[in-house]
Undergrad: 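The structure under discussion is supplied below as structure tokens; questions concerning it will follow.
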Amino acid sequence: MCGIIGYIGPREAAPIILNGLRRLEYRGYDSAGIAVLGAGGISIQRAIGKLSNLEAQIQPAMGNPASPVQTGIGHTRWATHGAPSERNAHPHVSADGNVAVVHNGIVENFAELRRELQAEGVVFHSDTDTETIVHLVDRYLRAGQTFEQAAHAAIAQLRGAQAIVLMSAQEPGTLIAARVGNAGGVSIGLGNADGEMFVASDIPGILEHTRRIIFLDSHDVAVVRPGQVQIRRLNGEPVNRTPQIIAWDPVSAEKGEYRHFMQKEIYEQARAITDTLRGRVDFETGAVTLEDLSLSPQEANRLQRVYTVACGTSAHSGLIGKFLIERLARISVEVDYGSEFRYRDPMIGAHCAALGITQSGETADTLAAMQEARQKGALVWSIVNAIGSQAQRTSDGHILMRAGPEIGVASTKAFTTSVVDQYLLACYLGRQRFADSTAGAAHAHDLACLPSLVSRVLEPNPLYDDLANLFHHCEHFLYLGRGINYPVALEGALKLKEISYIHAEGYPAGEMKHGPIALIDEQMPVVCIAVQDVVYDKMISQIEQVKARNGIVIAVATEGDTLIPGKADYVLWVPDAPALLTPVLTAIPLQRLAYHLAIRRGCDVDQPRNLAKSVTVE
């Protein structure tokens with residue numbers, strides 16, 4: 001949700017940057033800051049809270065209209081490392097004040113980089129991971145490298161998905177912007193006159209100034225100067241990115257570089273997961289803070305059962321959450337469809353919690369199930385994406401997904417963020433019940449790595465187009481998974497049904513022999529989630545049984561697995577990951593597969609027939 005705006009040009013930078021940040025306020029933030037480069041060097045102002053607090057602090061001296069070039073960067077921050085405060089707000093500057101940085105994402109190896117820099121005598125003035133970036137750049141500048149060389153060297157040392165914009169007093173009229181992974185987009189706007197140039201994390205922030213936009217790909221580093229952009233890959237290879245003309249309307253602008261909202265929302269998942277972690281995890285101690293769900297250790301230990309109520313995609317998320325909460329918090333979890341829960345007179349009461357999961361917060365069946373739980377005396381929680389929704393308002397406690405607007409009817413990023421929210425809930429409950437800081441620190445480390453793992457799953461892969469060309473004519477698909485990835489099979493089948501109108505079913509792989517195996521022949525694609533986990537050998541056995549009946553196997557498998565290519569016809573790879581977080585990764589190839597098949601079949605992926613984004617009637 002963090003916003004970035006940068007400017008180079010003849011006008012005063014501060015008002016342009018502030019106005020751009022204001023257009024990105026809808027994404028949410030807890031602090032804001034701005035840095036401009038004038039005749040006296042870099043000037044910085046930062047403030048906690050809303051932009052109005054920052055504007056009140058900014059003095060006319062920050063801008064100098066008489067200067068031939070004004071350069072500036074601004075940022076709205078949602079905290080990850082370090083609590084919301086002025087000292088933790090962006091931009092951050094080097095010790096001599098000559099380099100400034102704004103940043104979206106998580107620097108996974110910030111602790112080791114910080115220790116290394118402190119050993120060299122660097123003094124840190126914030127608790128953030130971002131500050132390591134500016135000190136690394138300064139290190140290489142002091143070693144005699146150019147600004148561009150120093151930026152490349154520093155960025156190459158960072159692990160994780162990043163969006164970064166830098167400026168240096170040594171090179172007025174220059175911004176360096178980089179995108180590594182999918183922590184957030186980075187767009188370069190080409191102004192219409194006087195060599196004006198803009199940088200933004202989201203194009204609505206600069207659309208009033210330009211419609212000519214260059215979108216950076218992952219591992220692009222752009223040097224932006226008046227009227228020109230030079231882009232190199234992180235390895236130094238020069239590349240050419242063609243500007244795109246963005247239609248002057250809010251809908252087209254919001255789509256940006258993507259053809260459909262669903263495609264955009266699939267690719268926003270690394271950023272959305274980063275946002276849902278912001279301010280909630282102490283990545284050093286492992287402590288989890290859920291700002292709107294407070295439970296004492298005594299209350300947590302009184303809980304005997306959690307009932308998760310949800311519909312559709314959210315119900316599949318809840319099935320994954322059952323594994324997470326039972327494993328990490330040792331509390332029994334039942335998962336019910338919201339539409340069925342209240343009609344079976346559920347045995348829920350004062351020592352239970354009902355967890356409603358709903359993207360819109362207005363799903364009628366889920367709301368009714370939550371009301372039933374409340375009437376029976378249970379604690380009521382919700383995981384929602386829509387701020388101010390009824391599910392949020394009527395809950396005793398809630399967790400916001402922070403996925404950002406999800407326009408496509410078929411849910412993608414709300415699915416993965418709600419899974420991460422349940423992981424956070426499981427960690428929170430586990431720590432309240434057992435006070436195990438060692439386990440908490442390990443879980444926090446796993447979460448810190450998750451956005452960059454998601455970014456890797458989202459890298460370009462021509463196999464999706466190949467599969468769409470091969471199988472778009474099929475009328476039936478079977479999806480198989482086991483353990484924590486069985487709900488992913490259900491979700492993959494649902495995505496395919498929703499947007500391509502291909503009949504698909506998800507099954508626990510062990511149940512294949514109890515009926516579905518009768519369907520398998522050379523016309524039946526079978527999608528098997530076969531990552532290297534505790535049920536890997538079982539999944540290999542299922543794949544062999546499919547192949548023995550001439551079935552076509554599309555496997556989702558762990559990178560480096562040398563056995564699976566000899567068993568499956570096609571393999572979609574995901575990075576190795578902790579077992580409890582694999583569903584976040586394995587769901588994404590199935591989203592992409594459904595999207596490409598639907599496009600090949602000529603379907604309207606954003607507005608599938610007969611479906612609505614929010615089901616507000618029973």
Side-chain angles (χ1 to χ4, degrees), residues 290 292-295 299 303-322 324-326 331-403 405-415 417-419 421-422 425-426 429 487 490-491 493-495 497-498 506 608 610-618:
L290 298 176
D292 297 302
L293 194 154
S294 179
L295 208 63
E299 291 169 324
L303 275 180
Q304 296 175 357
R305 182 161 297 180
V306 173
Y307 287 79
T308 298
V309 289
C311 301
T313 286
S314 293
H316 300 156
S317 171
L319 288 169
I320 297 169
K322 173 182 172 68
L324 302 175
I325 295 169
E326 290 187 346
I331 300 174
S332 178
V333 179
E334 289 192 22
V335 182
D336 275 83
Y337 287 112
S339 56
E340 295 293 331
F341 180 75
R342 61 192 171 125
Y343 295 111
R344 68 174 179 86
D345 192 20
M347 296 177 63
I348 185 171
H351 296 298
C352 302
L355 172 64
I357 306 175
T358 161
Q359 188 280 144
S360 67
E362 303 292 345
T363 306
D365 291 322
T366 302
L367 291 171
M370 292 166 63
Q371 179 61 25
E372 175 78 6
R374 181 179 298 284
Q375 290 175 352
K376 289 180 178 293
L379 194 63
V380 177
W381 299 331
S382 62
I383 294 177
V384 299
N385 194 37
I387 297 173
S389 60
Q390 187 173 345
Q392 177 190 349
R393 297 194 312 270
T394 59
S395 298
D396 299 306
H398 65 271
I399 305 172
L400 292 176
M401 295 178 194
R402 297 180 182 168
E406 190 177 66
I407 309 301
V409 168
S411 183
T412 52
K413 60 180 180 175
F415 173 75
T417 53
S418 65
V419 170
D421 285 325
Q422 288 173 93
L425 176 61
L429 290 173
L490 294 175
E491 176 60 13
L494 177 62
K495 282 292 147 294
K497 283 183 279 197
E498 285 179 314
N610 305 330
L611 295 178
K613 187 63 181 170
S614 178
V615 181
T616 57
V617 294
E618 185 174 358

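Below, each value reflects all heavy atoms present in this structure, side chains not excepted, and no hydrogens, waters or symmetry copies. Here the structure is a predicted model, which means the values were calculated and not measured.
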Undergrad: Are Ile331 and Leu429 side-chain neighbours, meaning at least one heavy-atom pair lies under 4.5 Å?
TA: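 They are in contact (side-chain heavy atoms under 4.5 Å apart), so the answer is yes.
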Undergrad: Any chance you could measure Asp396, atom CG, to Met370, atom CE, to the nearest 0.5 Å?
TA: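 Result: 9.0 Å between the selected atoms.
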Undergrad: Contact between Ile383 and Gln422 at the side-chain level, heavy atoms closer than 4.5 Å - yes or no?
TA: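 With C-beta onward as the side chain, the pair touches.
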Undergrad: Testing the basics here: between Gly361 and Leu367, what is the closest heavy-atom pair and its distance to 0.1 Å?
TA: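 Of all heavy-atom pairs spanning Gly361 and Leu367, the closest is O-CD2, 3.9 Å.
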Undergrad: side-chain hydrogen bond (donor to acceptor under 3.5 Å, both in side chains) with Thr313: which residues, sequence neighbours excluded?
TA: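 Expected list: Glu491, Lys495.
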Undergrad: Do Leu425 and Leu355 have side chains that approach each other closer than 4.5 Å (heavy atoms only, starting at C-beta)?
TA: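 Sidechains of Leu355 and Leu425: in contact.
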Undergrad: Hey, does the side chain of Gln359 reach the backbone of Ser314 with a donor-acceptor pair shorter than 3.5 angstrom?
TA: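 Checking the backbone N and O of Ser314 against the side chain of Gln359, no donor-acceptor pair under 3.5 Å is found.
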Undergrad: Looking only at heavy atoms, what is the nearest atom pair of Leu490 and Gly506, with distance?
TA: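 For Leu490 versus Gly506, the nearest heavy atoms are CD2-O, 3.4 Å.
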Undergrad: Can you see which heavy atom on Val409 is nearest to which on Pro608, and at what distance?
TA: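 Closest approach of Val409 to Pro608: CB-CD, 3.7 Å.
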Undergrad: Where the side chain of Glu362 meets the backbone of Ser389, is there a donor-acceptor pair that is under 3.5 Å apart?
TA: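 Checking the backbone N and O of Ser389 against the side chain of Glu362, no donor-acceptor pair under 3.5 Å is found.
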Undergrad: How long is the straight-line distance from NE2 of His351 back to CG of Leu379, given to the nearest 0.5 Å?
TA: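 Answer rounded to 0.5 Å: 12.0 Å.
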Undergrad: Under 4.0 Å between a side-chain nitrogen and a carboxylate oxygen: does that hold for Arg344 and Glu340?
TA: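 The answer is no: the pair does not qualify as a salt bridge.
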Undergrad: Looking only at non-hydrogen atoms, find the nearest pair between Ser411 and Glu406 and report the distance.
TA: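 Heavy-atom minimum between the residues: OG-OE1, 3.1 Å.
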Undergrad: Could you measure the distance from the CD1 atom of Ile320 to the NZ atom of Lys322? Nearest 0.5 Å is fine.
TA: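 Answer for the CD1-NZ pair, Ile320 versus Lys322, is 13.5 Å.
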Undergrad: Report yes if the side chains of Glu334 and Ile348 come closer than 4.5 Å at any heavy-atom pair, otherwise no.
TA: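 Contact flag for Glu334/Ile348 side chains = no.
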Undergrad: Taking the side chain as C-beta and beyond, is there a heavy-atom pair between Leu303 and Leu295 under 4.5 Å?
TA: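 Touching, per the 4.5 Å side-chain cut-off.
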Undergrad: Can you measure from OG (Ser418) to NZ (Lys413) and round to the nearest 0.5 angstrom?
TA: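 Atom-to-atom, Ser418:OG and Lys413:NZ are 13.0 Å apart.
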Undergrad: Measuring from Leu400:CG to Thr417:OG1, what's the distance to the nearest 0.5 Å?
TA: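 One gets 10.5 Å once the value is rounded to the nearest 0.5 Å.
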Undergrad: Any side-chain to backbone donor/acceptor pair from Asp336 onto Phe341? Under 3.5 Å, distance only.
TA: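 Not a single qualifying donor-acceptor pair exists.
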Undergrad: So does Ala369 get a backbone contact from the side chain of Arg342, meaning a donor-acceptor N/O pair under 3.5 Å?
TA: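 No; judged by distance alone, with no hydrogens or angles, the pair does not exist.
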Undergrad: Look up atom OG1 in Thr308 and atom CH2 in Trp381, then write down how far apart they are to the nearest 0.5 Å.
TA: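 Separation between the atoms: 9.5 Å.
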Undergrad: Which residues pass the side-chain hydrogen bond (donor to acceptor under 3.5 Å, both in side chains) test with Gln392, not counting sequence neighbours?
TA: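 In terms of side-chain hydrogen bond (donor to acceptor under 3.5 Å, both in side chains), with neighbours along the sequence ignored, Gln392 is linked to His398.
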Undergrad: Can you give me the closest heavy-atom contact between Ala310 and Thr366, atom names plus distance?
TA: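 Heavy-atom minimum between the residues: CA-OG1, 3.8 Å.
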Undergrad: Which heavy atom of Cys311 sits nearest a heavy atom of Ser339, and at what distance?
TA: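 So the minimum-distance heavy-atom pair works out to SG-N, 4.3 Å.
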